[in-house]
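Each remark here refers to the structure printed beneath this line.
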Amino acid sequence: MAPAHAPLARASLESSKHPVINAYLKSLKLHARTLNALFTQHATELVVLERIYYINNNQHRPALFWQRVVEARRYSRRLRSLDVPSLLDGLRRSFYGDTTDTGSKPQKGAWTHYPPAAYLRSFLARLRVCTMLLDKTCIRMRAIYYMLTLAMQSGAFLHLVVTLTALVARLAHLSSSLRRVLSTIHAECLHLFDKLYKLPTT
């Protein structure tokens, strides 16, 4: 995500606020590692789902249980398209004055800049979109799992339905885990914004 404005120099920030950014960056690094691991697992499950979809779509397209599979695939693909890890990487780079596209090796060492208020607002807005999608995804994945367990009772295409049920269960668990991490990241970024830009009350 390209900043709305260039990152601000560290020297322009009151020294009393430096520990706030130090603590935030330490926490952000840990959250990013967790998030990347979860999205790696999610990508693996999505690859399996895509393979099953392309092999079986023509045969099972009219079936009710298959409509739920299509729905699970749609939500999973939408989540991947948001590219949340790159969103977080862009935020971290803004603390080092790096406004280039992600892909190069992240900088290390002491931070030299900090993002302006407009950038943080944009980041929070995009993160909110992600969490709202995950809210809906968690609800729908649980419903899809339940529908697939009902479909197993008929005994038709049992091996396929059992495989899909297990796959949806894993995607539901990963979506829930991602939701918790993103909620924490959102809350901590709000706290950072409050500390950096909220005017003191009188």
Side-chain angles (χ1 to χ4, degrees), residues 1-5 7 20-21 23-50 53 70-108 111 113-145 167-196:
M1 177 176 66
H5 302 284
V20 175
I21 293 183
Y24 178 76
L25 286 176
K26 183 178 180 179
S27 182
L28 181 64
K29 184 177 181 180
L30 294 175
H31 292 321
R33 287 177 178 174
T34 301
L35 201 70
N36 287 335
L38 289 170
F39 269 110
T40 297
Q41 295 177 53
H42 187 275
T44 300
E45 301 299 343
L46 182 55
V47 167
V48 175
L49 180 59
E50 293 283 11
Y53 174 83
V70 172
E71 184 181 5
R73 175 176 177 262
R74 183 172 66 250
Y75 276 102
S76 298
R77 286 163 62 94
R78 174 59 177 156
L79 179 58
R80 292 295 300 178
S81 73
L82 294 180
D83 197 9
V84 180
S86 292
L87 181 64
L88 260 65
D89 188 53
L91 175 62
R92 182 177 181 276
R93 289 173 184 276
S94 70
F95 287 94
Y96 297 91
D98 187 353
T99 60
T100 60
D101 292 335
T102 58
S104 58
K105 189 175 180 180
Q107 297 185 26
K108 297 182 179 180
W111 56 277
H113 294 73
Y114 64 101
Y119 182 93
L120 288 180
R121 289 194 191 97
S122 177
F123 174 83
L124 286 166
R126 292 189 61 184
L127 204 60
R128 179 58 181 158
V129 170
C130 298
T131 55
M132 290 175 64
L133 174 62
L134 279 166
D135 283 340
K136 183 66 173 179
T137 299
C138 290
I139 293 171
R140 292 309 305 155
M141 286 297 182
R142 287 193 293 267
I144 293 168
Y145 174 81
L167 183 57
V168 168
R170 291 193 295 271
L171 286 169
H173 174 72
L174 288 169
S175 297
S176 180
S177 298
L178 285 166
R179 177 65 177 84
R180 287 193 297 271
V181 175
L182 286 184
S183 294
T184 302
I185 294 172
H186 189 273
E188 291 182 358
C189 190
L190 276 175
H191 178 73
L192 176 69
F193 184 91
D194 182 69
K195 292 296 183 181
L196 295 184

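The closest side-chain heavy-atom distance from Leu190 to His186 is below 4.5 Å. Within the 4.5 Å cutoff, the side chain of Leu35 has heavy atoms near those of the Leu182 side chain. For the pair Phe123/Leu88, a side-chain contact is recorded, criterion being any heavy-atom separation below 4.5 Å from C-beta on. Looking at heavy atoms from C-beta onward, Arg33 lies in side-chain contact with Lys29 at the 4.5 angstrom threshold. Side-chain contact between Arg92 and Leu28 is present, with heavy atoms from C-beta onward closer than 4.5 Å.
Between Leu134 and Ser175, the shortest heavy-atom distance links the atoms CD2-O, 3.7 Å. Between Ser94 and His113, the closest heavy-atom pair is O-CB, 3.6 Å. Heavy atoms only, all atoms of each residue included: Leu120 and Pro115 are closest at CD2-CG, 3.7 Å. The two residues Tyr114 and Phe95 come nearest to each other via the heavy atoms CA-CD2, 4.0 Å. Here the closest heavy-atom approach between residue Pro85 and residue Asn36 is recorded as CB-OD1, 3.3 Å. Nearest approach of Pro7 to Pro116, heavy atoms of both residues: CA-CD, 4.1 Å.
Summarising the geometry, atom CZ belonging to Arg73 is positioned 12.5 Å from atom CG belonging to Leu171; distances are rounded to the nearest 0.5 Å. The distance from the CG atom of Leu124 to the SG atom of Cys189 is 4.0 Å, given to the nearest 0.5 Å. Distance check: Ser86 OG to Leu91 CG gives 12.5 Å after rounding to the nearest 0.5 Å. Atoms CG and CZ, on Leu46 and Arg80 in that order, are 7.0 Å from each other to the nearest 0.5 Å. Distance CG/Leu167 to CD1/Ile144: 11.0 Å, rounded to 0.5 Å. Distance check, rounded to the nearest 0.5 Å: CG of Leu127 to OG of Ser122 gives 11.0 Å.
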Inset, instruction - Take Ser76 and Met141 through the test side chain to side chain contact (heavy atoms under 4.5 Å, CB included) and record every step on the way to the result. - result: CA-CA 10 Å; Ser76 298; Met141 286 297 182; 3.4 Å; yes

Legend entry - Audit row: Arg93, Asp89, side chain to side chain contact (heavy atoms under 4.5 Å, CB included) steps and yes/no: CA-CA 6 Å; Arg93 289 173 184 276; Asp89 188 53; 2.7 Å; yes

Inset, instruction - Mind running side-chain hydrogen bond (donor to acceptor under 3.5 Å, both in side chains) on Ser177 and Arg180 for me, showing each step along the way? - result: CA-CA 5 Å; Ser177 298; Arg180 287 193 297 271; 3.3 Å; yes

Legend entry - Step-by-step side chain to side chain contact (heavy atoms under 4.5 Å, CB included) determination, Leu178 to Leu79: CA-CA 10 Å; Leu178 285 166; Leu79 179 58; 3.9 Å; yes

Inset, instruction - Using the side-chain hydrogen bond (donor to acceptor under 3.5 Å, both in side chains) rule, take Arg77 and Ser81 through it: C-alpha gap first, then chi angles, then the decisive distance, then the call. - result: CA-CA 6 Å; Arg77 286 163 62 94; Ser81 73; over 6 Å; no

Legend entry - Intermediate values then yes/no, side chain to side chain contact (heavy atoms under 4.5 Å, CB included), Leu87 and Leu82: CA-CA 8 Å; Leu87 181 64; Leu82 294 180; over 6 Å; no

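Proximity of a side-chain donor or acceptor of Ser27 to a complementary backbone N or O of Ala23 within less than 3.5 Å is not detected. Judged by distance alone, with hydrogens and angles left aside, the side-chain atoms of Ser176 form no donor-acceptor pair with the main-chain N or O of His173 at under 3.5 Å.
Within 6.0 Å of atom OH in Tyr75, more than 12 heavy atoms from other residues, nucleotides or ligands are found, so the atom counts as buried in its surroundings. Within a 6.0 Å sphere centred on CZ of Arg78, other residues, nucleotides and ligands contribute 12 heavy atoms or fewer. Other residues, nucleotides and ligands place more than 12 heavy atoms under 6.0 Å from the NE2 atom of His31.
Every residue two or more places apart in sequence or in another chain that forms a ring-ring contact (aromatic ring centres under 6.0 Å, His included) with Phe193 is listed here: Tyr197.
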